[in-house]
Trainee: 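Pasting in a structure now, in structure tokens, and then I'll have a few things to ask.
First the proteins, then the strands, lettered A, B, ... as listed; each starts at 1. Heavy-atom basis, side chains included; hydrogens, waters and symmetry copies ignored.
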Amino acid sequence: MFPTRSSTESVSDRFDWLSVTLLLGGVLLCYYVVPLASLLFARSPHAIAGQLADPAVASAATTSLVTATASAAVATIFGLPLAYWLASADGRTETLVTAVVVLPLVLPPIVSGMVLLTLVGPETFLGEIAAANGVALTRSLVGVVLAQTFVASPFVVVTAKAAFEGVDSNLQYASRSLGKDRLTTLRRITLPLAWPGILAGITLAFARSIGEFGATVMLAYYPRTMPVQIWVSFSTRGLENAFPIAVILVGIAVAALVILTTLGRNPLAS
Amino acid sequence: MFPTRSSTESVSDRFDWLSVTLLLGGVLLCYYVVPLASLLFARSPHAIAGQLADPAVASAATTSLVTATASAAVATIFGLPLAYWLASADGRTETLVTAVVVLPLVLPPIVSGMVLLTLVGPETFLGEIAAANGVALTRSLVGVVLAQTFVASPFVVVTAKAAFEGVDSNLQYASRSLGKDRLTTLRRITLPLAWPGILAGITLAFARSIGEFGATVMLAYYPRTMPVQIWVSFSTRGLENAFPIAVILVGIAVAALVILTTLGRNPLAS
Amino acid sequence: MMVTITDLSVRRGDFSFGPLDLSISNEVFCVLGPSGSGKSTLLSILAGIVEPDRGEILIGGESVRGRPPETRSTGLVFQDGALFPHLTARENVEYAAEDPDYVRKLTRLLAVDEVLDRRPAMLSGGERQRVALARTLAAGPDVLLLDEPLSSLDEPIRRRLRDDLHRLFATLDVPVVYVTHDQRTATALADRLGILRDGRLEQVDTPTSVLERPNSRFVAEFTGNENVFEVGLETGRCGRVARLGDALLRVTAEGDSIERLLAGVDGSTATVCAHPSRITVLERSDGSVDAVRSVDSEESGRDLRMSADESSFRIPVTIERWLHEGDTYRVFVQVDGGPELTATMSRRTFDRLELARGDERTVSIQTESMHVLDPPTSSRT
Amino acid sequence: MMVTITDLSVRRGDFSFGPLDLSISNEVFCVLGPSGSGKSTLLSILAGIVEPDRGEILIGGESVRGRPPETRSTGLVFQDGALFPHLTARENVEYAAEDPDYVRKLTRLLAVDEVLDRRPAMLSGGERQRVALARTLAAGPDVLLLDEPLSSLDEPIRRRLRDDLHRLFATLDVPVVYVTHDQRTATALADRLGILRDGRLEQVDTPTSVLERPNSRFVAEFTGNENVFEVGLETGRCGRVARLGDALLRVTAEGDSIERLLAGVDGSTATVCAHPSRITVLERSDGSVDAVRSVDSEESGRDLRMSADESSFRIPVTIERWLHEGDTYRVFVQVDGGPELTATMSRRTFDRLELARGDERTVSIQTESMHVLDPPTSSRT
Amino acid sequence: AGVVGSAGGRSDPVSILAAGSLTNAFEHGLRPSLTTPVQVETHGSARIARMVADGQKDPDILAVADAALFDGPVQPSWFAEFATNSLVVAYNPDSEGGRRIADAGAGGWFRPMVDGLVSLGRTDPDLDPLGYRTLFLLELASDYYETDVDLREAIPSREQRYPETQLVSQFETGGIDAAFTYRNMAVERDYEFVSLPSAIDLSDPTRSDEYASARYTLPSGKVVTGSPISYASVIRNRDETITDVFTEQIAGEYLREFGFSVPDTYPQFTGNVPDTIID
Ligand SMILES: Nc1ncnc2c1ncn2[C@@H]1O[C@H](COP(=O)(O)OP(=O)(O)OP(=O)(O)O)[C@@H](O)[C@H]1O
Ligand SMILES: Nc1ncnc2c1ncn2[C@@H]1O[C@H](COP(=O)(O)OP(=O)(O)OP(=O)(O)O)[C@@H](O)[C@H]1O
Ligand SMILES: [Mg+2]
Ligand SMILES: [Mg+2]
């Protein structure tokens with residue numbers, strides 16, 4: 001009555017299949033690494049150092065770092081509540097709102113730039129109110145952050161939504177039946193448990209922010225971020241000048257991302 | 001000995017806090033919706049219909065849909081193995097490789113375009129091999145897909161990695177102790193369980209692909225995708241002509257995303 | 001504090017729970033019932049995790065319908081523990097507690113003070129269960145809802161905790177609803193015992209009453225009164241007799257034990273139950289002539305035997321098989337011309353009896369150990 | 001098929017498992033041990049989920065060290081079930097199985113055929129456990145590893161499944177390692193029983209041997225031989241006597257029971273254990289003059305009493321308290337001048353005895369029910 | 001270069017929205033010659049004109065690559081033309097095709113192109129003036145060199161079309177052998193290039209009638225005619241500082257360093273020029 005199993009048959013065959021599959025991942029990794037390596041190794045350290053000394057580059061680097069951090073923070077602060085709400089919304093609303101949330105990704109940069117200008121441009125309602133209060137919504141750090149947030153925040157929302165949905169609802173009930181209200185439960189149980197997904201979203205948002213060009217250049221050509229600086233360098237002096245700046249950008253981004261992932265691990269670990 | 005608890009104290013207060021928090025999400029949603037609405041409602045249906053009739057727009061729409069789908073597929077096929085491997089890699093490698101994976105996001109479009117050209121441009125090693133086999137890696141559908149994949153695939157990798165990490169390893173052991181090898185376990189247990197996160201990544205990748213402009217225009221000005229078409233229209237005929245095309249793009253993207261989320265739900269449900 | 005449930009019901013997929021009425025004061029109310037009978041569902045409803053379709057729940061006189069779990073002050077120990085995986089055992093307990101001394105006390109009581117710095121994934125099944133219990137107790141709820149909190153523990157520690165919980169519940173003086181599948185725990189802890197079956201309470205009473213006077217075949221079988229059988233009431237050559245298989249028991253004077261037992265029965269049969277420990281397999285010598293008298297049956301012409309002693313049935317049986325269950329033996333015997341019965345006995349007795357398969361023996365059931373069930377409900381499948 | 005474990009050990013955080021040597025043939029090997037003693041760890045190592053730090057595992061003569069779980073053909077029922085949440089119960093079982101008939105058979109056996117279309121989240125605790133068991137059995141492994149597969153089930157169904165599993169294991173004829181905390185299940189199922197303590201096997205033997213002849217205080221207490229006490233050996237006015245509290249038992253001829261019991265003991269005390277069911281509380285009339293004779297102690301001048309019958313201790317005690325545990329009563333008594341003892345008895349006996357707190361009674365322990373432990377190991381904390 | 005003193009009371013930098021081809025000259029020529037901080041923002045000429053027209057940008061100074069853009073979409077009441085530029089054929093000396101162009105020189109650069117021996121790049125005529133000016137150049141060259149074939153028919157193919165940035169990228173990464181570009185770009189970036197006769201390179205304001213024989217129809221239906229390349233600029237917000245910057249910008253010596261030509265007649269004003277400017 002007990003069906004026997006041909007247990008070890010073709011074990012080696014199958015194991016190979018897994019390797020073959022993983023090979024695909026290796027191909028993709030190469031597709032990222034090779035162009036980057038060519039970017040890196042084609043430049044002399046000298047050229048890079050030279051660019052670093054350029055005050056315009058230094059100031060662009062600061063601007064980029066500050067605004068990308070701010071944008072990632074804004075995306076997180078505003079995006080997590082939206083994600084949480086979406087995660088608990090029912091099917092139809094969820095599908096539709098999710099589609100709306102990713103639309104900023106769909107819009108080509110020129111369109112996002114334009115529609116943002118129609119919302120926060122100097123002649124608009126919001127733009128004028130802000131200007132009256134001494135805040136410029138374009139051509140300012142705020143402008144950069146507005147542009148980056150528009151483009152990058154969907155990552156936080158979509159990824160965090162999936163992460164929230166993955167949290168066992170029993171644990172949330174357990175917390176609440178211990179007398180903790182929904183906010184406390186969210187803060188101390190749901191959020192930490194969803195954290196890996198959220199962190200992935202913040203990482204993406206930060207990376208996208210620091211690399212954002214299209215919408216930023218429309219909303220805030222000044223103060224210049226690194227991508228704008230790279231573009232200007234490229235337009236004025238060509239590849240040879242632009243690439244070292246790109247290398248600097250990559251360096252900054254890698255450092256920031258490593259810090260983000262390292263710090264980001266703590267909330268879970270503690 | 002039994003500490004009493006002030007159980008219902010400030011329940012209403014706290015509940016308000018949750019609402020306030022959720023309000024932040026509402027603000028973000030408005031930030032997405034208002035510009036989009038202005039984009040939509042400023043155009044007459046007539047103008048949109050007019051653009052739809054334009055064969056250039058129709059062909060761009062087809063190109064966009066085909067290439068974005070292809071890019072999302074390529075990103076999934078190559079990205080999932082990489083994500084799976086990353087999810088099981090140890091801390092240091094993981095942090096570093098993750099940083100590498102998101103670098104394509106960090107690069108401004110002009111730089112990604114340039115570095116891709118150095119990899120697959122017509123004069124390069126790969127470009128020539130492909131050309132010898134009758135495949136053009138630039139100025140072709142393949143070129144578009146290459147550009148979109150470079151920019152969009154990190155979403156799949158990063159999001160799927162977080163999703164894979166969230167799968168209870170006991171379940172994977174359970175599957176394997178039932179005699180299923182790692183590939184089968186991956187396919188039938190890990191993948192379906194990580195699916196919501198993966199789907200989020202695919203959604204992001206698709207949206208980003210269909211909206212990609214910077215790298216695409218570098219690698220493949222022709223065949224034109226919708227973002228390129230919008231840019232051309234804008235440059236040649238201004239906002240009035242470009243926005244209806246953007247509306248069409250948004251329409252296509254929403255439809256595609258709704259289909260994606262709806263179809264995407266099945267693997268879990270069945 | 002008082003928990004009052006009125007007309008409560010809910011559907012969950014195919015399963016329909018209730019309607020159920022119940023009122024629990026500051027006592028330990030144990031819920032016993034087969035797997036899938038709705039025990040966890042009941043606790044979930046009380047804790048506010050499952051919203052009932054109908055009915056009312058009052059806690060301390062206030063309706064809690066629609067109120068979220070966090071405002072009910074009901075502490076629930078989940079069947080699977082539901083420990084927070086990102087917190088250590090200590091953090092799990094402290095999450096709920098305000099008083100570090102009390103936490104220390106509880107973790108020592110539950111013998112988990114050594115593993116407090118581990119994450120749930122690094123705890124054993126039983127450790128996890130005890131941490132979950134500590135966590136809920138630490139929150140100091142006004143109503144305690146425990147879902148099989150000791151099921152993964154070995155007998156010695158379970159026994160110890162059972163005693164400790166007993167004392168703790170007494171100090172707490174709150175309503176405790178305690179779901180368990182362990183009869184010993186139920187009888188040891190419960191002030192009252194409710195038997196749940198298919199989402200309905202089949203019997204609610206003190207443990208002793210439920211165990212000794214089950215009101216249905218289901219409760220009888222479920223609480224271990226495995227021997228449920230029909231006793232026939234006949235008026236034969238020797239006067240009025242009760243009959244079980246081929247054994248007869250004379251009903252003599254008013255007020256004697258069998259008369260008392262069968263008092264309320266009308267009709268020709270009564271369904272009777274008896275706990276296996278109340279069935280005594282007699283030594284070979286005891287099944288003797290002076291205890292049993294042969295009579296022949298009028299109808300069947302079979303050889304029947306009448307118990308000489310009118311306070312206990314003496315029943316001729318065949319030994320079928322037995323199981324060794326730790327400190328007891330469970331012996332299955334076939335009543336000649338009647339049902340199969342189960343008798344439990346200590347190892348000592350078992351050894352003395354020197355049973356063998358197919359042996360013809362006599363068992364005795366004291367009439368006062370038997371209990372007449374209400375008209376039979378359909379038996380559990 | 002044969003599973004051979006040599007010198008196996010692993011560290012998991014603070015916990016160190018092993019070294020452990022064991023060999024299991026096509027038999028049911030039950031593992032009993034306190035919570036946190038490493039039972040689940042042992043199964044995880046066998047299944048290939050935890051890689052041992054040292055040691056060797058042979059399955060069917062082949063080393064499986066370093067071999068992934070899927071090539072070991074070890075079917076493991078996880079303690080928490082580990083059901084795939086995205087599959088229905090049926091799909092969970094079919095995931096592993098190749099033969100639909102066998103699936104049908106198993107799910108019927110385990111009484112889960114009604115809930116097969118539900119997802120794990122919609123199953124009750126016991127249903128989940130049975131589905132997990134069905135899933136593992138369906139895979140038809142060459143070695144079965146079961147981690148408390150019946151712990152969430154009520155007594156009646158557990159008893160039924162225990163019988164069914166017993167039969168099933170016999171047909172399968174594979175090595176079965178069965179972790180349980182339920183002594184009854186262990187004794188009912190096991191061909192051999194291993195007692196695990198702090199990651200080491202304290203005793204391995206047949207269930208009867210382990211229960212009746214525990215080799216340490218720990219095993220004795222853990223297997224329910226709760227009464228572990230010192231018996232003094234003295235040579236007094238009345239010749240050689242064994243002494244327990246204020247009670248004496250004369251050691252008379254060679255070969256009598258107390259002589260046999262204490263044969264291997266040298267020194268002046270022996271540690272002895274006795275199961276509570278082997279301690280009989282005597283009726284008031286039995287603690288009578290002809291059973292006990294007063295003697296005064298030389299040293300203490302206290303009034304000691306010597307059992308008249310040389311095959312059992314008669315010991316004067318004070319009744320302390322008792323617990324009602326389903327069908328038995330557990331009575332705690334204090335030996336005058338000695339340890340506390342526990343006696344279990346049926347309700348019938350308990351009722352007859354008419355005990356009251358503080359009553360002075362006599363208990364008797366037959367010398368052949370006592371078992372001498374090897375020189376005491378440190379007791380379990 | 002003259003130095004303009006900063007006028008008090010203005011803390012914001014002066015914003016200049018300019019055509020992409022002016023980026024380098026403004027960034028590295030104009031800016032260092034000023035003490036007033038300026039912010040230079042550059043995009044395609046057509047786009048900046050449109051953004052200003054649509055109110056999405058509000059620069060102090062607007063500078064475009066084609067004076068025709070001040071005939072719509074932006075229509076200022078006056079403007080100044082301040083520099084000219086010419087078309088050249090830049091080539092990649094490391095490539096086979098590039099060397100052929102170099103060898104053929106100003107007299108025969110078109111021959112390898114007609115023979116299909118050069119992978120050529122040019123910008124999209126629909127997108128920016130450089131694109132259609134390339135077509136004008138080819139049309140004028142057919143007459144000037146008296147070629148057998150119509151160069152405007154024979155040379156262009158869709159494969160050659162790129163947006164400007166992409167053209168540059170392709171050229172710099174070796175994707176194409178030769179490209180039609182503005183002279184200033186070739187100079188700025190140290191490209192090897194072939195200078196063309198002024199009869200065809202659209203640089204000479206005095207030849208506007210000759211140039212006008214070439215035309216191109218944009219997708220919008222608008223017809224553009226050949227004309228000299230002339231950069232035009234206008235002040236949109238008036239104050240002293242801006243005026244100072246503007247004056248420096250239209251008069252500056254820096255333009256020549258960056259490959260532009262400044263004919264003697266320049267700056268040349270059109271419309272109602274405010275007095276403050278001319279002074
Ligand atoms: N969310 C749900 N949806 C549908 N059916 C459910 C759901 N939860 C439980 N059930 C079903 O309801 C019945 C009662 O479940 P419940 O968990 O209350 O049983 P239980 O008495 O606690 O059993 P156990 O002793 O096995 O834990 C079961 O048959 C179960 O399959
Ligand atoms: N991954 C781990 N890391 C560190 N310690 C662990 C880990 N897993 C288990 N332990 C510890 O090892 C000990 C043995 O655990 P194990 O799960 O084997 O116990 P068990 O005998 O199955 O207990 P139970 O009957 O409670 O299930 C426990 O004290 C537990 O806390
Ligand atoms: Mg339950
Ligand atoms: Mg365990």
Side-chain angles (χ1 to χ4, degrees), chain A residues 5 7 14 17-18 21-22 24-25 27-29 32 34-36 38-39 78-79 81-82 85 95 99-100 102-111 115-116 118-119 158-159 162 165-166 179 181-183 196-197 200 203-204 207-208 210-211 213 227 230-231 234 246 250 253-254 257-258 261, chain B residues 5 7 14 17-18 21-22 24-25 27-29 32 34-36 38-39 78-79 81-82 85 95 99-100 102-111 115-116 118-119 158-159 162 165-166 179 181-183 196-197 200 203-204 207-208 210-211 213 227 230-231 234 246 250 253-254 257-258 261:
Chain A
R5 189 173 59 183
S7 60
R14 286 186 188 166
W17 268 110
L18 187 68
T21 311
L22 288 180
L24 293 176
V27 171
L28 188 61
L29 194 57
Y32 300 146
V34 172
L36 283 168
S38 84
L39 178 64
F78 288 80
L82 185 56
W85 175 73
T95 306
V100 170
V102 294
L103 281 188
L105 298 183
V106 169
L107 293 181
I110 191 157
V111 178
V115 294
L116 280 180
T118 61
L119 184 67
V158 172
T159 323
E165 283 171 350
D181 59 28
R182 290 182 63 187
L183 187 65
T203 307
L204 292 175
R208 182 79 178 90
I210 209 168
F213 170 72
I230 290 169
W231 188 70
F234 177 77
V250 167
V254 169
L257 290 170
V258 167
T261 2
Chain B
R5 188 175 59 184
S7 61
R14 288 188 187 164
W17 268 111
L18 187 68
T21 311
L22 288 180
L24 292 175
V27 171
L28 188 62
L29 195 56
Y32 299 145
V34 172
L36 282 168
S38 84
L39 179 65
F78 288 81
L82 185 55
W85 175 74
T95 306
V100 169
V102 294
L103 282 188
L105 298 182
V106 169
L107 294 181
I110 191 157
V111 179
V115 295
L116 280 180
T118 61
L119 184 68
V158 172
T159 324
E165 283 170 351
D181 60 28
R182 291 182 62 189
L183 188 65
T203 308
L204 291 175
R208 181 79 180 91
I210 210 168
F213 171 72
I230 289 168
W231 185 71
F234 176 78
V250 167
V254 169
L257 289 170
V258 167
T261 5

Trainee: Give, as side chain, backbone, both or neither, the part of B/I230 having an atom under 4.5 angstrom from any heavy atom of chain A.
Mentor: side chain

Trainee: Mind listing the closest non-hydrogen atom pair of A/L116 and B/P35 along with its distance?
Mentor: CD2-CG, 4.5 Å

Trainee: For the candidates A/V115, A/V106, A/T159, A/L257, which exhibits the highest count of non-hydrogen atom pairs separated by less than 4.5 Å from chain B?
Mentor: A/V106

Trainee: As an exercise: rank B/L204, B/V258, B/T95, B/V27 by heavy-atom pairs under 4.5 Å with chain A and give me the winner.
Mentor: B/L204

Trainee: For A/I110 versus B/F234, what's the shortest heavy-atom pair and its separation?
Mentor: CD1-CD2, 3.3 Å

Trainee: Working to the nearest 0.5 angstrom, can you tell me the gap between B/W85 CH2 and A/L28 CG?
Mentor: 12.0 Å

Trainee: On a heavy-atom basis, which atom in A/P227 and which in B/P108 lie closest, and how many Å separate them?
Mentor: CB-CB, 3.6 Å

Trainee: Do B/L39 and A/L107 pass the side chain to side chain contact (heavy atoms under 4.5 Å, CB included) test, and can you show the C-alpha distance, the side-chain angles, and the key distance before you say yes or no?
Mentor: CA-CA 11 Å; B/L39 179 65; A/L107 293 181; 4.1 Å; yes

Trainee: Identify the heavy atoms of A/L36 and B/V100 that sit nearest to each other, and give their distance.
Mentor: CD1-O, 4.4 Å

Trainee: Counting heavy-atom pairs under 4.5 Å with chain A, which one of B/V250, B/L103, B/V34 comes out on top?
Mentor: B/L103

Trainee: Looking only at heavy atoms, which two atoms of B/A162 and A/P196 are closest? And how far apart?
Mentor: CB-O, 3.8 Å

Trainee: Between B/P81 and A/G25, what is the shortest heavy-atom contact and its length?
Mentor: CB-N, 3.6 Å

Trainee: Which bit of A/L24 comes within less than 4.5 Å of chain B, counting heavy atoms only: side chain, backbone, both or neither?
Mentor: both

Trainee: Using heavy-atom distances under 4.5 Å, tell me whether B/L105 contacts chain A through its side chain, its backbone, both, or neither.
Mentor: both

Trainee: Would you mind telling me which of A/G166, A/A207, A/A253, A/G79 has the largest number of heavy-atom pairs within less than 4.5 Å of chain B?
Mentor: A/A207

